[in-house]
Number of protein chains: 4
Amino acid sequence: MTDDRRLGRPRSEATRKAILVAALEELDERGYAALTIDGIARRAGCGKQTIYRWWPSKADVVLEALLERADTTIAIPDEGSLSDDLLAFLTATFRQRGQRPTLIGLMAHALLDPVFATEFKEKFLFKRRAALRVILDRAAARGEIAADADIELLMDVVYGVLWYRLLLDHAPLDEPAGNRLATLLVRAAR
Amino acid sequence: MTDDRRLGRPRSEATRKAILVAALEELDERGYAALTIDGIARRAGCGKQTIYRWWPSKADVVLEALLERADTTIAIPDEGSLSDDLLAFLTATFRQRGQRPTLIGLMAHALLDPVFATEFKEKFLFKRRAALRVILDRAAARGEIAADADIELLMDVVYGVLWYRLLLDHAPLDEPAGNRLATLLVRAAR
Amino acid sequence: MTDDRRLGRPRSEATRKAILVAALEELDERGYAALTIDGIARRAGCGKQTIYRWWPSKADVVLEALLERADTTIAIPDEGSLSDDLLAFLTATFRQRGQRPTLIGLMAHALLDPVFATEFKEKFLFKRRAALRVILDRAAARGEIAADADIELLMDVVYGVLWYRLLLDHAPLDEPAGNRLATLLVRAAR
Amino acid sequence: MTDDRRLGRPRSEATRKAILVAALEELDERGYAALTIDGIARRAGCGKQTIYRWWPSKADVVLEALLERADTTIAIPDEGSLSDDLLAFLTATFRQRGQRPTLIGLMAHALLDPVFATEFKEKFLFKRRAALRVILDRAAARGEIAADADIELLMDVVYGVLWYRLLLDHAPLDEPAGNRLATLLVRAAR
DNA sequence: CGCTAACCGAGACGGTACGTCTGGTCTTCTT
DNA sequence: AAGAAGACCAGACGTACCGTCTCGGTTAGCG
């Protein structure tokens, strides 16, 4: 029941969107390393101050753009077996591989800026982990996972392989890869 | 065959070392994000040109310093069983966790600079993978790994978990963790 | 005839005064160079728009404040002789030396902004000249000034010396100085 | 016998001149109020830092340009009589009236920036006063100036009228004006 | 022993982005 | 319609580094 109406001119939604779009376009065309606040402002047709007013760093702009663009809700499959759930989850996750430049840039920034790192984990990384945890908890309830299994470790295996291949780009992140990873996990979980 | 002696004044070994030391000190004290060529040169008491003459980027300086400091030879345990070999390997690898700031910085740079990324993979990452491959190949020869197992994937699991925890810093990289990961791998390999 | 009452809410006299006071306070505390519309508005507790609505530039605010504060009527002495009139006029004028920061700022602004320069001359500088001209005309009628004397030049001597010392601050603007200048003028006028 | 050779790359004389020229061109074309360091650097084809390295403010750049362009030596006429000397001096000084925009800008800046004001007085204003003083001292030695005359005040009359007309631009600064001012001064000096 | 060549330190150079500041305009609700 | 609040676009500010360059000076092998 809070009254959200504030004094003064309200924030321009049009400008906010123009900035997010401009950030993603600049990112695609020139890469994260060449991304600048100046460039985003120029492309969005806004003043730099408007960006600095709402986001603490360029990474925060990109993160918000990513969250807005991505499916807000992370689909949690429920096929009845760990194997099928994992396969569905991995396939859905791998399908977002087009986001690679964005994710790479955000991770790079997180490594260089601890403040943003926290933001990135809370708003993105840990949200995805939570979805995976639901799947594993259900499988544990069905007895598909050994009682002494380390659920945290299993999740790290999933996201570890995912990020490692995303970062190094040395091996595929496609459906067959998802298949093999699911098989490995099922075997390891018993 | 090649006569490596060059005309003119030879490269100063003292300066080379001063630069590598200065780079690591700056890295420790101020973090990779604040690392600058200017700063390294100032601390090393040398001209900027001297750095640019021998290294293409600040990451290359740090990489060379890391390679020089780290055990040049990667120990490859041969205990007779996959389980023991993995445990020994992981324990040795995790022990280098003190390098975290350095590794984080190099990875960040690699994500932003494709040229350095190649360098980093060749000189560092793939060298470590090769050591692990020897262990896995031996285990396969002993029949400890299923014939249809995906050796590449197993390696990605090891280094994926390692890097994922290194980057996110959300879970420990200690001996118990190594133990559990080794157990998981043995189970998955069958 | 004209009906000056306008539609809508009338201008707030309290705000107008708060702005003029705030402008002079900022001027005294931080100097003209640091004077900003933002700062005046903040101190006056009003919106920037309210200032822009009524004054074209910060100098106009200061000018209005100065005119309001200063004696609205410029005293024109009539002692019976050029010498006494000049002395009285100079003494009265020099007494306003405390306005130096204000006058300095207004002159600086006038030099940089031709539109304000016109305003400044009409509302301030030429008003003072007119007073001096009355004195000189009366002296001419009494025959104290040679028929071929250049009255305009005499006025420029008075205000030239005054402003030159005000601007450079290299020599006093006190009563002895007024005395000497009056003597010089009387001599020059013959 | 100081050894002026300094370490490092020497200052570029070509760039120095390009900056001074660019500053005067910008000043002529757009006026002092619109003069920016950015603009000077852009026109001179140099980096902003190069300007900041050598001059503390844009006014210092303009001052150096003015000093370089103007006759370095201020001609001191010696015609044998105060009247002729003054006329020659005023004529020569008034002839530089083309400098008006430059002088106006420098004075405006001096009024806003006390540090530059000192610089401006020392390097420009007081140098001119010194020349005039030579003329007046010679006249005093010849007995053309009353023993009790205030030489400082006479100089302030000359430069006061000059600057007052320069700043307000309400009356001419030409040869007839010089003539009339010289006459007035001779009369006042007796 | 002098010449040549490549090194070294220092530091100026042209650029470019930074994050801040102010200007002048606009858009909301309130008086 | 005026006012307070505050967001908006625009663009200059002065700083920090980038990677390059140009000096004087040093240190090797070769003639």
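Numbered from 1 within each chain, the chains take letters A, B, ... in sequence-line order. The model shown is predicted, which means the values in this text are computed figures rather than measured ones.
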(Q) Counting only side-chain nitrogens and oxygens, does Ser12(C) get under 4.0 Å of the OP1 or OP2 atom of dA2(F)? (A) no
When rounded to whole Å, the CG to P distance for the pair Asp60(C) and dG24(E) reads 11 Å
| request: Check whether any side-chain heavy atom of Ile104(C) sits under 4.5 Å from a side-chain heavy atom of Pro101(C), and report yes or no. | output: no
When rounded to whole Å, the CZ to C1' distance for the pair Arg43(C) and dA4(F) reads 19 Å
Check your understanding: Just to confirm, is there a sub-4.0 Å distance from OP1 or OP2 of dG9(E) to any side-chain nitrogen or oxygen of Thr50(B)?
Key -> yes
Taking for Pro56(D) and for Pro56(B) the nucleotide of DNA chain F with the nearest heavy atom, the one nearer the 5' end belongs to Pro56(D)
To the nearest 10 degrees, the angle between the two end axes of the helix from dC1(E)-dG31(F) to dT31(E)-dA1(F) (five pairs per end) comes to 10°
Open item on the list: Mind checking if Gly45(A) touches a base, just sugar-phosphate, or nothing, with heavy atoms under 4.0 Å?
Closed with: sugar-phosphate
For dA1(F), does OP1 or OP2 lie under 4.0 Å from any side-chain N or O of Arg11(C)? no
To the nearest angstrom, the CD1-C1' distance between Ile51(D) and dA12(E) comes to 14 Å
Using nucleotides 15-17 of chain F, report all nitrogen or oxygen pairs with the protein that are shorter than 3.5 Å.
none

note: Glu13(B), atom CD; dC7(E), atom P; distance rounded to Å ~ 14 Å
Residue set satisfying side-chain contact (heavy atoms from CB on, under 4.5 Å) with Glu122(C), at least two apart, ordered chain then number -> Thr118(C)
Side-chain contact check for Leu7(A): nearest option of dC8(F), dA5(F), dC13(E) is dA5(F)
Separation of dA17(E) atom P from Glu26(A) atom CD, nearest Å, is 10 Å
- Distance-only, no hydrogens or angles: does the Lys48(A) side chain make a donor-acceptor pair with backbone N or O of Ile37(A) under 3.5 Å? no
Distance under 6.0 Å and angle within 45° of the ring axis: does Arg16(D) meet both against Trp54(D)? no
Minimal heavy-atom distance between Val61(C) and Ala23(C), with the atoms involved, is CG1-CB, 3.7 Å
In terms of heavy-atom contacts, Lys121(B) and Leu168(A) come closest through NZ-O, 2.7 Å
Assert: residue with more 5' nearest nucleotide on DNA chain E, out of Arg9(A) and Ala41(D), is Ala41(D)
To the nearest angstrom, the CZ-C1' distance between Arg6(A) and dT28(E) comes to 12 Å
| field | Under-4.0 Å side-chain N/O to phosphate OP1/OP2 contact, Thr15(D) with dC13(E) | value | no
Per atom distances to the Trp54(A) side chain, the nearest of dC8(E), dG14(E), dC8(F) is dC8(F)
Sorted by chain and residue number, the salt bridge (Lys or Arg N to Asp or Glu O under 4.0 Å) partners of Lys58(A) (sequence neighbours excluded) come out as none
For Leu63(B) and Phe116(B), the nearest pair of non-hydrogen atoms, with its separation, is CD2-CE1, 3.9 Å
Which of dC23(F), dA28(F), dC13(E) is nearest the side chain of Pro10(D)? It is dC23(F)
Across all chains, not counting sequence neighbours, the ring pair (Phe, Tyr, Trp, His ring centres under 6.0 Å) partners of Phe124(C) are Phe120(C)
In whole angstroms, the gap separating C1' of dG3(F) from CH2 of Trp55(C) amounts to 13 Å
Whole-Å distance, Ile40(C) CD1 to dT22(E) P, equals 12 Å
The answer to which of Ala44(B) and Arg53(D) contacts DNA chain E further toward the 5' end, by nearest nucleotide, is Ala44(B)
Across all chains, not counting sequence neighbours, the side-chain contact (heavy atoms from CB on, under 4.5 Å) partners of Ala44(C) are Ala18(C), Ile19(C), Ala22(C), Cys46(C)
